[in-house]
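The structure appears right after this line, and notes come after that.
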Number of protein chains: 2
Amino acid sequence: MISEIDPRGLIAKSLSEHSQLDVFDTEALGRLKARTKTFESGSYVFREGLSFSDYVFVISGYLFRQKQTSDGYRQIVSFTIPGDIVNPENRFVNNLDYNVVCAEKSSIAYVQKSEFELLIDSHPSIRLAVDLRTTAESRQLREWLLNIGGRSAKTRVAHFLNEFAARTKLRGLSDGLHFSLPMSQEQIGDSVGITPVHVNRAIRSFVESGLISHTNRKYEIVDINGFRQVGQFSEKFLLVSNFPQ
Amino acid sequence: MISEIDPRGLIAKSLSEHSQLDVFDTEALGRLKARTKTFESGSYVFREGLSFSDYVFVISGYLFRQKQTSDGYRQIVSFTIPGDIVNPENRFVNNLDYNVVCAEKSSIAYVQKSEFELLIDSHPSIRLAVDLRTTAESRQLREWLLNIGGRSAKTRVAHFLNEFAARTKLRGLSDGLHFSLPMSQEQIGDSVGITPVHVNRAIRSFVESGLISHTNRKYEIVDINGFRQVGQFSEKFLLVSNFPQ
DNA sequence: CGGTATTTTGAGCAGTGTCAAAGACGGTGG
DNA sequence: CCACCGTCTTTGACACTGCTCAAAATACCG
């Protein structure tokens, strides 16, 4: 099941989302020594505040970054897809301000801090690629802020589903119209700031109006233009434009 | 009024918030050649998507970074205080995904891209400081996401006011208890995702319960512990810990 | 196959939003 | 220096989105 995914290619693909990598860069990425580990659904890959030193790449599976209020509400602040770096801030700090939890059984690769940073230092375009990924993630945070702060419950859910479709397509993990989303409706709710009951009503309304179809956790976007419109979704925020202008 | 603020010292102070700068770093920062410009309240310093090339520092005044939905809602995604870099992503991209607007009359310093990057390249601790500021800003975005997604209207407003107090204190711009907040209640609402009417009710309730006092746009936090508790506020997220652990 | 977690649905309610108007403030021009 | 005007704050009444509680139906897992 996982075997069809090429970890090294995925990471290179992730890093070349916003700028070019050449063959030497890609090969160097392929030579990284990684220790891989599998986590069950729901298990914590990182705990907030604990220090670490390795870089962590997602090989397969989807993970959440999440924070909590003092009265127990859990807010999902982003999710990773295969190829993403879980802790890019590892270059600058040695702990995280969020927890990282698996949405499903996931496979994770650990790369030593020194080894990855040596790679970055010797390959300027890999360094740029990592920096651009970080910039892109900041943009995603701001878009989520706009989504949660400024849109209705239904629109938020549609935006979230559109984002998942777009990101997996960009990474070559789906065709952008058919995908299985390994998240409960409660987790979707915690991502967009509404209750699971309301997530359900939103999704059902999309199905009823013929925008998507949905069974178990498989989604098909039937009317992509209509669905994007409902979610006020534009994939512009997923793409950062690189120099030169 | 502005004359009591030392721009160069402020920028150094901003950059040394999360790591150490030595005298040589500070002096080098002081030698930066800057072109300064004054903007009126409400004017745009940057427009989303437009390309630029200079680094922009805030000398005095408060600015918003803001985005809009397609149906016109405006979400403020962060605000800057004097000493901040408005566009730190200038190192990697040449345009912004948000607009930058003055909350009040503000003074801005432009530093040439090449000059600032030369400085970064020759001063590793300045480079680290900039990277740490960027990391800190990502943390702030995630905290805002938690605030908007997971807390009640009153709690959000209290959290926002606490954050303003804490950040200005950290930068040496207030004592953390008395401050004038140059934002309308509508702008506060757009920051935390509620209507201005509701912001007003929240603030009034804080006044009535003796947590703060408030006239015009001057605030005094009377019961700091109580007010932090109401806002579920901890300033941990403002501080990133530097290596070594 | 049984037990558990998730999805789905309903009914009632609470927190926020909407609309509207009055009061306060601050800036401007005469 | 004052009167005016526009913007912001404050307040009230009411509507509605989204939440709570609860229970049934369905899917998942060992």
Side-chain angles (χ1 to χ4, degrees), chain A residues 40-43 69 71-75 101-105 147-161 180-208 212-219 230, chain B residues 1 40-43 62 64 69 71-76 101-105 147-161 180-208 212-219 230:
Chain A
E40 291 304 313
S41 171
S43 54
T69 62
D71 60 357
Y73 173 81
R74 179 261 308 260
Q75 175 70 39
V101 181
C102 298
E104 62 178 340
K105 189 172 179 178
N147 196 36
I148 295 183
R151 299 201 254 245
S152 74
K154 271 161 81 164
T155 307
R156 293 185 209 179
V157 174
H159 189 280
F160 181 89
L161 295 176
S180 78
L181 206 174
M183 304 172 192
S184 69
Q185 296 181 356
E186 182 171 19
Q187 290 167 326
I188 297 176
D190 286 348
S191 301
V192 301
I194 65 178
T195 56
V197 174
H198 223 70
V199 172
N200 187 277
R201 296 195 224 271
I203 291 178
R204 299 239 46 252
S205 87
F206 302 146
V207 173
E208 276 163 26
I212 65 174
S213 72
H214 165 241
T215 41
N216 302 354
R217 289 175 182 180
K218 314 272 178 201
Y219 293 79
V230 167
Chain B
M1 183 173 299
E40 291 305 313
S41 171
S43 55
Y62 296 83
F64 294 122
T69 61
D71 59 357
Y73 174 80
R74 178 261 309 259
Q75 174 70 40
I76 291 171
V101 181
C102 297
E104 61 178 340
K105 190 173 179 179
N147 196 35
I148 295 183
R151 300 202 253 245
S152 74
K154 270 160 83 163
T155 308
R156 293 185 210 179
V157 173
H159 190 280
F160 181 88
L161 294 176
S180 77
L181 207 174
M183 304 173 193
S184 68
Q185 294 180 357
E186 182 172 20
Q187 290 168 327
I188 297 176
D190 286 347
S191 300
V192 302
I194 65 178
T195 55
V197 174
H198 223 70
V199 172
N200 187 277
R201 295 196 224 273
I203 291 177
R204 300 239 45 252
S205 87
F206 302 146
V207 173
E208 276 163 26
I212 67 175
S213 72
H214 164 241
T215 41
N216 301 354
R217 291 175 181 180
K218 315 271 179 201
Y219 293 80
V230 167

Can you tell me if the side-chain N/O atoms of [X] get under 4.0 Å from OP1 or OP2 in [N]?
| X | N | value |
| --- | --- | --- |
| Asn216(A) | dC28(D) | yes |
| Arg201(B) | dT10(D) | no |
| Arg217(A) | dT7(C) | yes |
| Arg204(B) | dT11(D) | yes |
| Asn200(B) | dT9(D) | no |

Arg151(A) side chain to Arg156(A) backbone, donor-acceptor under 3.5 Å: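 It does not hold such a pair.
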Just the rounded figure in Å: distance from [atom2] of [N] to [atom1] of [X].
| X | N | atom1 | atom2 | result |
| --- | --- | --- | --- | --- |
| His198(A) | dC19(D) | NE2 | P | 6 Å |
| Glu186(A) | dC21(D) | CD | C1' | 15 Å |
| Met183(B) | dT7(D) | CE | C1' | 18 Å |
| Ile203(B) | dC8(D) | CD1 | C1' | 12 Å |
| Ile188(B) | dT7(D) | CD1 | P | 19 Å |
| Lys105(A) | dC28(D) | NZ | P | 17 Å |

If every non-hydrogen atom of [X] is compared with every non-hydrogen atom of [Y], which pair is closest and at what distance?
| X | Y | answer |
| --- | --- | --- |
| Asn200(A) | Gln185(A) | ND2-OE1, 2.8 Å |
| Ala158(B) | Phe206(B) | CB-CZ, 3.7 Å |
| Lys154(A) | Ala202(A) | CG-CB, 3.8 Å |
| Ile203(A) | Val157(A) | CG1-CG1, 4.1 Å |
| Asn216(A) | His214(A) | O-NE2, 3.0 Å |

Minimum-distance nucleotide (side-chain atoms of Val197(B) versus dT11(D), dG18(D), dC8(D)):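 Of dT11(D), dG18(D), dC8(D), dT11(D) is nearest to the side chain of Val197(B).
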Touch class at under 4.0 angstrom, heavy-atom based, for Gly193(B) against every strand present: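 The residue Gly193(B) makes sugar-phosphate contact but no base contact.
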Five-pair end axes of the helix from dC1(C)-dG30(D) to dG30(C)-dC1(D) and the angle they enclose, rounded to 10°: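 Taking five pairs per end, the axes differ by 60°.
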